[in-house]
Amino acid sequence: MKPYVLIVEDEDALATLLHYNLEQEGYDAAIAHDGEEALLMVAERKPDLLVLDWMLPKLSGLEVCRCLRAAKANADIAIIMLTARGDEPERIRGLDTGADDYITKPFSVTELLARLRAVLRRVHPTLIDETLTCRDIVLDRATRKVTRKGQEVPLGPTEFRLLEHFIAQPGRVFSRAQLMDAIWGTEVDVEIRTVDVHVGRLRKTLNANHPYDAIRTVRSAGYALRAD
Ligand code: CA
């Protein structure tokens, strides 16, 4: 069964972005636009994980968290709190909200997905599939190891994240801008060329000792992991 994630966020653009990416990653996702709606939706169908914004209309994220934690039945809902820069994570942690993790805005979708998996792994270990496969390439998220034809492929952290992004949707072409957003986040100043450099490194390491290219360059469109 797919893990069910409820996104509680009043910024429509961010909520939609998270919803889209979670569904792409194989989660069942839904959106609540304020704190009250969140509690109603939880009562209707209990999520495995809540992505909960701190600043919300009606009830704040903190209040939602406390309401949920007050009921024993909700003790196993994993909660990731989204906070704004300047909220000082130390201060928030000190409030003892009962959240399992905190992410400061702005963040990249990749970072959120990684933290979400880490929290789910802790709270609902059976829900998480850690291995992604495309042809002869296997990526293990738990050990952060990649193999091709059973041989280990030593990747740097950025190349690992790139491959993780590609292998979630084998064959799909990602533009440089999409890769930039996914790997570095929308607010970080990264040049387009940086994407090419890291895809180049990923390709070189993946292809070492292998006869054919695992990555496809699509002229003026972007890059994809070969699925055929
Ligand atoms: Ca908000």
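Order of listing sets the numbers, starting from 1, for every ligand and every atom in it.
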Start with the C-alpha gap between Arg203 and Thr217, add the side-chain angles, then the distance that decides, and say whether side chain to side chain donor-acceptor pair (under 3.5 Å) holds. CA-CA 10 Å; Arg203 167 179 262 146; Thr217 303; 2.8 Å; yes
Could you tell me which residues satisfy salt bridge (charged side-chain N to carboxylate O under 4.0 Å, His left out) with Arg176, sequence neighbours excluded, listed by chain and number?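 Result, salt bridge (charged side-chain N to carboxylate O under 4.0 Å, His left out) vs Arg176: Asp196.
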Just to verify, what does Lys145 make a salt bridge (charged side-chain N to carboxylate O under 4.0 Å, His left out) with, not counting sequence neighbours?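 Lys145 satisfies salt bridge (charged side-chain N to carboxylate O under 4.0 Å, His left out) with no other residue.
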For the pair Lys58 and Asp34, evaluate salt bridge (charged side-chain N to carboxylate O under 4.0 Å, His left out) and give the outcome as yes or no after the intermediate values. CA-CA 6 Å; Lys58 296 183 184 169; Asp34 62 60; 3.7 Å; yes
Arg148-Asn207 side chain donor-acceptor pair, cut-off 3.5 Å: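 The answer is yes; a qualifying pair exists.
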Closer than 3.0 Å to the Ca ion (ligand 1), what protein N/O/S atoms do you find?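 For the Ca ion (ligand 1), the protein N, O and S atoms that sit under 3.0 Å away are Asp10 OD1, Asp53 OD2, Met55 O.
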What pairs meet the salt bridge (charged side-chain N to carboxylate O under 4.0 Å, His left out) rule with one or both residues in residues 8-20, with sequence neighbours excluded?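 Checked against salt bridge (charged side-chain N to carboxylate O under 4.0 Å, His left out) - neighbours excluded - the pairs reaching residues 8-20 are Glu9-Lys105, Glu11-Lys105.
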